[in-house]
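The structure appears right after this line, and notes come after that.
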Amino acid sequence: MRESKIENFIDFNERLVGLELENQIIDSNGEPIDFDFMQKIWKDFEKLGWRITTDSGLKIISGAEKEFDGKNVNLSSDAAVGNLEMALPPLSNLKEAEDFLRVVHSEIFQVLKDNQVSLIGLGIHPGNMNNLENLRVKSSLYKVIESLGSSTHYNNGIMTANSAGQTGISVKLSEMVDITNELIKITGLITASCANSPIQNWKILPWKEWRILGWDFRFISNIKGFEKLSGFPDKPFSSLADFFKYYWNIPFMTLPPIRETGWVIPGKKLNYLSYFRQKEIEGKDLSGNRVLLTPMPRDLNLAMILTWPHAKPHLVTDPEKINMNDFVKSLKNDDLEKYLEGKLVNCYVEYRGGAASAVGEEIVLPALLLGLVNNLKDLKTFTKKFSWKWWKELVYFTAVDGINTKIKNVEVVDLLQELVKISEIGLKNRGMNEEQYLNVLKMRLKNKENPADKAIKAFKKSKQDLLDYIKYC
């Protein structure tokens, strides 16, 4: 999720949970909305007290912000102008998260109703995505990326129609890598139980979860090396240093440093590993002005979030406590867990492998994840049943067959039953009655029916039945 103004993920007795939800907006015919229409919608949020945010380079509206009881909420467009992204603050339990979401939703629904459009609970836009150029987000970021030397690895359009439901959970540095590895492993099981991307261009796709497959192609381009930035990594990680070395070892920076005059393009192509070892390097801002770059903690914070596996550490350092030379030394010595202790302002694991949820089921996946993280010992025992390679390949089977997936003598529904029990123990240990949010998941397993199956069933009746099933408002 985006950085909350309340940086309280890092101090907790019981784990905190935060939501970052993406949902497509459809018009009255179920089709996507374009750039001009979304600009109008953004302006209407001002009527309810939201503060409009703008892209300083293009002078266009990029989103809106508002505080609810002192808690900041950020709205923006993801890859598509009509893919509404909500970044909510961390809260102490799932009931609080659910209640808070309902309050934010009520204002969003009011604005959308006034514009005769609707938010939907589907992981992929079901309509016709024909005019990609007018559906994509317009951002000065793309000018920056082109200046770096590659425009295709970041904006190939593969994700324009896709929406994710992301969860952030507070963890300690010492457990971060273990938890990241474990959540990546079970992505195939989450795909089986939470698949919700089966229809596009008003046709049923061969997959129940296209979004998770499309994510593999997010950074593929004519330049080899960027493709590993998204999806299921080739190996588990042994440490934080191992994680960042893996993702920073790319042809060149995904995004460059930011200084007072804006983005600064280094004078030579460097990845983050090389850049952080420099004492200084000359670059130019987007106006062509010469800027002398010295690596800074703010560059480190940018680089740390520019990775997109199914689960990842989300770390933000305190610039006043970080010495770049010491950081580089710690990275080399593979002891970032020790070095970063007491030097962070935010620290949580971010899970990105789930599709946007079905309407009214937004807390189901966060509940499953929170319980698993809170019962890490049993989760690790469970995932040892199979190799990293097996877990990686499972994603591609469950994306097709969902809960009914069977590989040789392994029934995925049986694995899911075990996984839910592990999560239930973790939630019960918190003592907040949060295990109730797993009931929807239990029913899915009993009926062997995930949200994608329900969407397909509705669509086979009629297009209107599908719209009635997926619309929030």
Item to check | Heavy-atom closest pair, residues Ala303 and Trp248 | outcome: O-NE1, 3.1 Å
Item to check | Asn301 side chain vs Thr317 backbone, donor-acceptor pair below 3.5 Å | outcome: yes
Checklist entry - With Phe243, which residues qualify under ring pair (Phe, Tyr, Trp, His ring centres under 6.0 Å), at least two apart? => result Phe237, Tyr247
Checklist outcome for this item: Of all heavy-atom pairs linking Asn83 and Asn162, the shortest is ND2-O, 3.0 Å
Checklist entry - Taking C-beta and beyond as the side chain, do Ile281 and Lys268 meet within less than 4.5 Å on heavy atoms? => result yes
Next on the checklist: When you compare the side chain of Ile33 with that of Val117, does any pair of heavy atoms fall below 4.5 Å?
Outcome noted: yes
Checklist entry - Does Ser170 reach the main-chain N or O of Leu16 with its side chain, forming a donor-acceptor pair under 3.5 Å? => result yes
Checklist outcome for this item: In short, side-chain hydrogen bond (donor to acceptor under 3.5 Å, both in side chains) pairs touching residues 191-200 with sequence neighbours left out are Ser197-Glu209
Checklist outcome for this item: salt bridge (Lys or Arg N to Asp or Glu O under 4.0 Å) pairs touching residues 94-123, sequence neighbours excluded, are Lys66-Glu107, Lys95-Asp99, Glu98-Arg102, Arg102-Glu362
Checklist entry - Can you find a pair of side-chain heavy atoms, one from Pro366 and one from Leu19, that are under 4.5 Å apart? => result yes
Checklist entry - Would you find a donor on one side and an acceptor on the other, under 3.5 Å apart, between the side chain of Asn271 and the backbone of Leu273? => result yes
Checklist outcome for this item: Sequence neighbours excluded, the answer for side-chain contact (heavy atoms from CB on, under 4.5 Å) partners of Tyr396 is Leu213, Asp216
Item to check | Arg259 with Asp299: basic N within carboxylate O range, under 4.0 Å | outcome: yes
Checklist entry - Under the side-chain contact (heavy atoms from CB on, under 4.5 Å) criterion, do Glu434 and Leu370 qualify, and how do the steps go? => result CA-CA 10 Å; Glu434 294 167 308; Leu370 180 59; 3.8 Å; yes
Next on the checklist: Test side-chain contact (heavy atoms from CB on, under 4.5 Å) on Leu84 and Ile41; report intermediate values, then the result.
Outcome noted: CA-CA 11 Å; Leu84 187 69; Ile41 290 174; over 6 Å; no
Checklist entry - Excluding sequence neighbours, so at least two apart, what forms ring pair (Phe, Tyr, Trp, His ring centres under 6.0 Å) with Phe45? => result Trp42, Trp50
Checklist entry - Are Leu91 and Phe100 side-chain neighbours, meaning at least one heavy-atom pair lies under 4.5 Å? => result yes
Checklist outcome for this item: With sequence neighbours left out, the residues meeting side-chain contact (heavy atoms from CB on, under 4.5 Å) with Asn439 are Gln436, Lys442
Next on the checklist: The test is side-chain contact (heavy atoms from CB on, under 4.5 Å); show your working for His314 and Met176 and say whether it passes.
Outcome noted: CA-CA 9 Å; His314 190 119; Met176 177 65 82; over 6 Å; no
Next on the checklist: Please enumerate all residues that pass side-chain contact (heavy atoms from CB on, under 4.5 Å) together with Lys59, with sequence neighbours excluded.
Outcome noted: none
Checklist outcome for this item: Contacts of Asp36 meeting side-chain contact (heavy atoms from CB on, under 4.5 Å) (sequence neighbours excluded), chain-then-number -> Asp34
Next on the checklist: Taking the basic N atoms (NZ, or NE/NH1/NH2) and the acidic carboxylate oxygens, is any pair closer than 4.0 Å for Glu67 and Lys71?
Outcome noted: no
Checklist entry - Is there a donor-acceptor pair closer than 3.5 Å between any side-chain N or O of Gln24 and the backbone N or O of Ala161? => result yes
Next on the checklist: Please check this pair: side chain of Thr53 against backbone of Gly63, looking for a donor-acceptor N/O pair closer than 3.5 Å.
Outcome noted: yes
Checklist entry - Any chance the rings of Phe226 and Phe252 have centres within less than 6.0 Å? => result yes
Checklist entry - Under the 3.5 angstrom rule, does the side chain of Glu65 hit a backbone N or O of Leu75 as a donor-acceptor pair? => result no
Checklist entry - By ring pair (Phe, Tyr, Trp, His ring centres under 6.0 Å), which residues pair with Trp207, not counting sequence neighbours? => result Trp210
Checklist entry - Side-chain donor-acceptor pair under 3.5 Å between Tyr351 and Thr187, yes or no? => result yes
Checklist entry - Excluding sequence neighbours, so at least two apart, what forms side chain to side chain donor-acceptor pair (under 3.5 Å) with Lys185? => result Glu182, Thr383
Checklist entry - Are any non-hydrogen side-chain atoms of Arg430 and Arg15 less than 4.5 angstrom apart? => result yes
Checklist entry - Under 3.5 Å, side chain of Lys463 to main-chain N/O of Asn29, donor-acceptor pair present? => result yes
Next on the checklist: So, using ring pair (Phe, Tyr, Trp, His ring centres under 6.0 Å) as the criterion, who are the partners of Phe35 when residues are at least two apart?
Outcome noted: none
Next on the checklist: I'd like to know if the side chain of Asn23 reaches the main chain of Ile120, judged simply by a donor and an acceptor atom lying under 3.5 Å from each other, with no hydrogens or angles considered.
Outcome noted: yes
Next on the checklist: If we count only N and O atoms by modelled type, under 3.5 Å, do the side chains of Glu31 and Asn128 hold a donor and an acceptor together?
Outcome noted: yes
Item to check | Stepwise side-chain contact (heavy atoms from CB on, under 4.5 Å) check, Ile25 with Val81 | outcome: CA-CA 9 Å; Ile25 298 172; Val81 292; over 6 Å; no
Checklist entry - Is a donor on one side and an acceptor on the other found under 3.5 Å between the side chain of Asp285 and the backbone of Arg290? => result no
Checklist entry - Between Glu320 (side chain) and Asp318 (backbone), is there a donor-acceptor pair under 3.5 Å? => result no
Next on the checklist: Are the side chains of Thr167 and Glu350 in contact, using a 4.5 Å heavy-atom criterion?
Outcome noted: no
Next on the checklist: Quick check: closest heavy atoms across Leu365 and Gly165, and the distance to 0.1 Å?
Outcome noted: CD2-O, 4.1 Å
Checklist entry - Going by atom types alone, do Asn289 and Lys284 pair a side-chain donor with an acceptor below 3.5 Å? => result no
Checklist entry - Is the NZ or CZ atom of Lys228 positioned over Phe219's six-membered ring, under 6.0 angstrom from the centre and within 45° of the axis? => result no
Checklist outcome for this item: salt bridge (Lys or Arg N to Asp or Glu O under 4.0 Å) filter on Glu449, not counting sequence neighbours, yields Lys457
Checklist outcome for this item: Closest heavy-atom pair, Gly354 versus Ile190, reported as atoms and distance to 0.1 Å, is CA-CG2, 4.5 Å
Checklist entry - Side chains of Ile199 and Leu205: closer than 4.5 Å at any heavy-atom pair? => result no
Item to check | Pairwise side-chain contact, Tyr275 with Leu293, heavy-atom cut-off 4.5 Å (strictly under) | outcome: yes
